[in-house]
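Everything numeric in this text was worked out from a predicted model, so none of it was measured.
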Amino acid sequence: MLDESHVRPSLPGRAVFWLTIYLGTLAALGPLAIDMYLPAFPRIAENFHVQIPDIQRTLASYFIGLAIGQLIYGPLADRFGRKRPLYFGLTLFALSSAGCALAWNVPSLTLIRFIQALGGCAEMVIARAIVRDLFNDQQSAKVFSSLLLVMGLAPILAPLLGGFLAVHLSWRAIFWFVTIAGVATLFSTAFFFHESLPADRRIRQSPKEILGTYAYLLRHRDFMLHAMTVSIGTAGLFAYVGGSPYVFEKIFHISESHFGLYFGPIACGIIGMSQVNGFLASRFDIRKILRSALFVHAGAGILLVIDSRTGIGGFWGIFIPLWLIIASMGFVFPNTTVLAMSPHGRIAGNASAVLGFLQFGVSAVISEIVVAIQNHQLIPTSLPMSATIAICSTSALCLNLLTHSAPTTPNRSEEAEGSILAAEY
């Protein structure tokens with residue numbers, strides 16, 4: 001068995017703090033490109049002479065890029081280390097963000113958004129792998145919770161800033177800002193991040209072996225249950241992200257400059273609960289924490305549909321269940337990620353890639369369904385978004401109920417996993 005102290009070197013508290021800030025910024029870069037342009041949907045639609053649901057398709061193309069790209073970066077990160085793939089991903093992200101600012105119609109914006117996602121997903125995959133490189137299970141749960149605190153600033157500040165830029169400059173200024181953020185993160189990676197995967201722990205896989213690793217993960221029962229739980233939960237989250245501009249601005253007549261004032265407090269929910277999760281993770285079994293949160297998640301989803309169908313409570317009858325749904329994800333995100341990746345330290349990059357692929361692949365499908373329904377509804381209503389979120393939240397709970405409730409042996413040896421993978425080939 002490998003010495004875990006070698007696999008996960010002890011880091012001083014100050015180093016953990018700054019690493020968390022860096023990883024949170026890194027992982028937030030891709031979502032920043034989602035949240036910042038949401039308030040500008042009506043303005044972009046007006047500029048291109050199309051309907052808002054047509055602009056929502058640029059969100060679906062971004063999700064598809066995030067899903068596909070993660071399958072590429074996972075093996076690269078396990079083969080070349082974490083830093084070199086980061087360089088490529090950040091460079092592609094910055095260049096394509098500038099391309100979005102120069103887009104001339106909806107098809108061009110849709111295509112460039114896909115390319116932008118291929119760059120933006122590198123940071124998300126590798127941030128998860130770095131955490132698995134350096135921390136054990138309990139520490140990982142706390143670090144992932146802290147990452148959500150840093151990442152959570154994006155959905156709070158991005159819509160406010162995006163709305164301001166759209167009103168006072170133009171929607172294109174949003175993508176120029178994202179370009180600058182990508183370049184700044186590239187320089188911080190070059191000067192401040194130290195490689196977390198030593199050369200002697202890297203694995204060189206042929207395409208056949210990579211496919212074999214993916215097949216092994218896709219057949220791993222608990223990995224798939226936890227991965228699909230967070231994936232379907234993420235799909236519900238992005239059904240809200242994609243549907244909220246239509247619901248808030250078209251149904252409840254909230255202006256784009258005030259969009260962030262409502263979007264931000266919902267994001268505060270996930271930040272706050274992620275910190276509560278970090279506190280609880282060192283004291284209780286994270287499986288029990290996760291299951292309790294999913295019951296709240298599903299219950300709020302059902303309440304959201306009832307409110308959308310009956311109109312009880314008006315805007316606040318929609319807003320409060322949404323807050324509960326998104327806040328509960330502060331428990332779901334870190335704990336399912338830890339439970340899915342914990343046994344797979346030797347192939348952390350590949351495991352992170354499959355996890356990300358499932359998350360954003362499912363989200364792309366769900367967001368496209370919401371767009372299609374909104375495109376064909378005769379009377380504006382929040383029901384398509386609400387029903388989608390409710391289906392996702394209840395499905396996530398059902399999947400979690402199929403997982404083993406008792407803790408499994410933590411951190412299965414990497415040699416044991418290596419022998420299983422060897423048998424696969």
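Atom CZ of residue R172 and atom CG of residue L102 lie 7.5 Å apart, to the nearest 0.5 angstrom. Of the inter-residue distances, the one linking F319 atom CZ with L304 atom CG reads 12.5 Å to the nearest 0.5 angstrom. Atom CZ in R287 sits 12.0 Å away from atom OG1 in T336 (nearest 0.5 Å). Taking CE of M228 as the reference point, atom CG of L358 lies at 6.0 Å (rounded to 0.5 Å). For the atom pair T179 OG1 and I174 CD1, the distance stands at 12.0 Å (nearest 0.5 Å). Here the CG atom belonging to L92 is positioned 9.0 Å from the CD atom belonging to Q116, to the nearest 0.5 angstrom.
When side chains are defined from C-beta on, V296 does not count as touching M273, because their heavy atoms never get closer than 4.5 Å. With contacts defined as side-chain heavy-atom distances shorter than 4.5 Å, the pair I326/L237 qualifies. Between I44 and L109, the closest side-chain pair of non-hydrogen atoms falls below 4.5 Å. Contact of the L111 side chain with the S108 side chain is not registered, since no non-hydrogen atoms from C-beta on lie closer than 4.5 Å. Between I72 and F357, every side-chain heavy-atom pair lies at or beyond the 4.5 Å cut-off. Between F114 and I68, some side-chain heavy-atom pair lies under the 4.5 Å cut-off. Side-chain contact check for L322 versus I389: some heavy-atom pair is nearer than 4.5 Å.
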Intermediate values then yes/no, side-chain contact (heavy atoms from CB on, under 4.5 Å), I325 and Y240: CA-CA 10 Å; I325 290 164; Y240 154 71; over 6 Å; no
Verdict with supporting geometry, T234 and F333, side-chain contact (heavy atoms from CB on, under 4.5 Å): CA-CA 8 Å; T234 302; F333 273 131; 3.2 Å; yes
Pair L397-H297, side-chain contact (heavy atoms from CB on, under 4.5 Å): steps then yes or no: CA-CA 8 Å; L397 173 62; H297 189 64; over 6 Å; no
Audit row: D222, L339, side-chain contact (heavy atoms from CB on, under 4.5 Å) steps and yes/no: CA-CA 8 Å; D222 272 8; L339 292 170; over 6 Å; no
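Taking every heavy atom of both residues into account, S97 and V178 meet most closely at OG-CG1, 3.5 Å. The two residues S231 and V362 come nearest to each other via the heavy atoms O-CG1, 4.1 Å. Across every non-hydrogen atom of S308 and L383, the tightest pair is CB-CD1, 3.9 Å. I232 approaches A396 most closely through the heavy-atom pair CG2-N, 4.2 Å. Nearest heavy atom pair, residue A190 against residue Y87, reads CA-OH, 3.4 Å. Contact record, N277 with P334: ND2-CG, 3.4 Å, taken as the closest heavy-atom pair.
When the side-chain hydrogen bond (donor to acceptor under 3.5 Å, both in side chains) test is applied to T58, the partners found at least two apart in sequence or on another chain are Y37. In this view, H168 and F164 satisfy the ring-ring contact (aromatic ring centres under 6.0 Å, His included) rule, not counting sequence neighbours. The ring-ring contact (aromatic ring centres under 6.0 Å, His included) check on F48 picks up W171, with sequence neighbours excluded. Partners of F223 by ring-ring contact (aromatic ring centres under 6.0 Å, His included), not counting sequence neighbours, listed by chain and number: H344. Every residue meeting the side-chain contact (heavy atoms from CB on, under 4.5 Å) condition with T185, not counting sequence neighbours, appears here in chain and number order: T25, L26, L29, L90, S188, T189. The ring-ring contact (aromatic ring centres under 6.0 Å, His included) search around F88 returns none, not counting sequence neighbours.
Of the possible polar contacts, none joining the R43 side chain to the G163 backbone as a donor-acceptor pair under 3.5 Å is found. In terms of modelled atom types and a separation under 3.5 Å, the side chain of R113 and the main chain of L59 share no donor-acceptor contact. T229 places no side-chain N or O within 3.5 Å of a backbone atom of L399 that could act as its donor or acceptor partner. Not one N or O on the side chain of R84 forms a donor-acceptor pair closer than 3.5 Å with the backbone of L76. Between the side chain of D54 and the main chain of Q51, a donor-acceptor pair closer than 3.5 Å is present.
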